Peer 1: 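Have a look at the structure that comes next, please.
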Amino acid sequence: MKIHIIGGGNLGVAIAKGLSKFSQGNQITITRRNTSSILYLEELGVTVSADNKHVIQYADIIILTIKPYQVDTVLAEILPVISNKVIASAVSGLSIENLQNKIGAGNSAIRIMPNIASQFGASATCIAFHEKDKEKAQNVVALFQDLGTAPIIDEKLMDAATVLAASGTAFALRYIRASMQAGIEIGFDWQTALAISAQTVKGAAEMIMEEQIHPEQLIDRVTTPQGCTIAGLNEMEMHGFSSSLIRGIKTSLKQIKG
Ligand SMILES: NC(=O)C1=CN([C@@H]2O[C@H](COP(=O)(O)OP(=O)(O)OC[C@H]3O[C@@H](n4cnc5c(N)ncnc54)[C@H](OP(=O)(O)O)[C@@H]3O)[C@@H](O)[C@H]2O)C=CC1
Ligand SMILES: O=C(O)[C@@H]1CCC=N1
């Protein structure tokens, strides 16, 4: 397929890199106004352009990875030269209905919420679309399945997905950083502490995904009675570990909803 990514920033580049590695047989074009920092993507076989319209008429899927306030400018530029296109938007807060109204009935609006782990084929990309576009959305779903998981969700959960799955990357990284900092305090150099913390999180996530059980069942396997784990966990909870995470996620959601 021919994939046209508009907005070669953090997310757009992660998707382009992921597609070049994990989704064979696609032709990828990525655009931004100042291309100098992403020209290296050409070495991965990705076409880089400052012209949003460059080969767009051949695109099977157009992916929007621009900021909300950049949408109208970009659409004004591309709409005169496209018709009958699938436009997959990762723009946070932009509803399918709003995008569909902007792009007209001749094109299809699909909403996607990937995260930057797309680059490593490890994103959790939530996807929503209207029933009329069910068939056209299948290519988008298949594409993002190559980049990790791609659950189809009800659009009313899209803002929640943004926070859980996209902002969630930063939340998980902050846990890893805190764990690393503690690791330094108890005797490791930062590199060793970081490597141990990251691998431990990866191992925990793999167990959850493999066994598909409640985390507390796995936690129970680690917490030896009178042992160090339960002592540490209880101390963390007394200082608001879970509640601070929950409050943070709910605050992020409020920020999107405005
Ligand atoms: N970062 C993330 O983890 C995630 C982000 N999102 C959403 O994705 C969108 C992009 O986020 P993010 O990648 O972080 O933002 P960035 O600012 O990193 O990327 C946006 C890119 O768009 C380019 N751009 C701006 N105007 C135009 C234009 N007229 N034509 C073409 N390109 C343009 C900018 O480059 P230049 O100025 O050179 O044109 C910039 O590189 C946002 O809506 C965000 O909410 C969603 C999920 C995860
Ligand atoms: O922070 C943001 O607004 C964007 C959306 C999710 C991740 N980054």
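As the structure is a prediction and not an experimental result, all values here were calculated from the model. Ligands are counted one by one from 1 in listed order, and the atoms in each one are counted from 1 as well.
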Peer 1: Considering only the protein, which heavy-atom contact is closest to atom 4 (C) of ligand 2, and what is its distance?
Peer 2: S92 OG, 5.0 Å
Peer 1: Find the distance between CD (Q70) and CG (L64) and round it off to the nearest 0.5 Å.
Peer 2: 10.5 Å
Peer 1: Of all residues at least two apart in sequence or in a different chain, which pass the side-chain hydrogen bond (donor to acceptor under 3.5 Å, both in side chains) check with K21?
Peer 2: none
Peer 1: What is the closest protein heavy atom to atom 7 (C) of ligand 2, and at what distance does it sit?
Peer 2: A166 CB, 3.9 Å
Peer 1: Does atom OH of Y175 have more than 12 heavy-atom neighbours from other groups under 6.0 Å away?
Peer 2: no
Peer 1: Mind checking what makes salt bridge (charged side-chain N to carboxylate O under 4.0 Å, His left out) contact with D146, not counting sequence neighbours?
Peer 2: none
Peer 1: Sequence neighbours left out, what passes side-chain hydrogen bond (donor to acceptor under 3.5 Å, both in side chains) with S242? Give chain and number order.
Peer 2: E237
Peer 1: Note down each nitrogen or oxygen pair, ligand 1 side and protein side, whose separation is under 3.5 Å; give only atom names and the distance to 0.1 Å.
Peer 2:
residue: ligand 1; atom: 13 (O); partner: N10; partner atom: N; Å: 3.2
residue: ligand 1; atom: 13 (O); partner: L11; partner atom: N; Å: 2.9
residue: ligand 1; atom: 17 (O); partner: K67; partner atom: NZ; Å: 3.0
residue: ligand 1; atom: 18 (O); partner: N10; partner atom: N; Å: 2.9
residue: ligand 1; atom: 18 (O); partner: N10; partner atom: ND2; Å: 3.1
residue: ligand 1; atom: 26 (N); partner: R33; partner atom: NE; Å: 3.4
residue: ligand 1; atom: 26 (N); partner: R33; partner atom: NH2; Å: 3.3
residue: ligand 1; atom: 30 (N); partner: N52; partner atom: ND2; Å: 2.9
residue: ligand 1; atom: 35 (O); partner: R32; partner atom: NE; Å: 3.2
residue: ligand 1; atom: 35 (O); partner: R32; partner atom: NH2; Å: 3.4
residue: ligand 1; atom: 37 (O); partner: R33; partner atom: NH2; Å: 2.9
residue: ligand 1; atom: 38 (O); partner: R32; partner atom: NE; Å: 2.8
residue: ligand 1; atom: 38 (O); partner: R32; partner atom: NH2; Å: 3.2
residue: ligand 1; atom: 38 (O); partner: R33; partner atom: N; Å: 3.4
residue: ligand 1; atom: 38 (O); partner: N34; partner atom: N; Å: 2.9
residue: ligand 1; atom: 38 (O); partner: N34; partner atom: ND2; Å: 3.3
residue: ligand 1; atom: 39 (O); partner: R33; partner atom: N; Å: 2.7
residue: ligand 1; atom: 39 (O); partner: R33; partner atom: NE; Å: 2.8
residue: ligand 1; atom: 41 (O); partner: G9; partner atom: N; Å: 3.3
residue: ligand 1; atom: 41 (O); partner: R32; partner atom: NH1; Å: 3.4
residue: ligand 1; atom: 43 (O); partner: I66; partner atom: O; Å: 2.7
residue: ligand 1; atom: 45 (O); partner: S92; partner atom: OG; Å: 2.9

Peer 1: Show which atoms of ligand 2 fall inside a sub-4.0 Å distance from at least one heavy-atom site of T162.
Peer 2: 5 (C), 6 (C)
Peer 1: Within the structure provided, determine whether I66 and V71 are in side-chain contact (heavy-atom separation under 4.5 Å).
Peer 2: yes
Peer 1: For atom 2 (C) of ligand 2, is there a protein heavy atom at a distance under 4.0 Å?
Peer 2: no
Peer 1: Find the distance between SG (C126) and CD1 (I112) and round it off to the nearest 0.5 Å.
Peer 2: 11.0 Å
Peer 1: How close do P80 and L75 get, heavy atom to heavy atom, and via which atoms?
Peer 2: CD-O, 4.2 Å
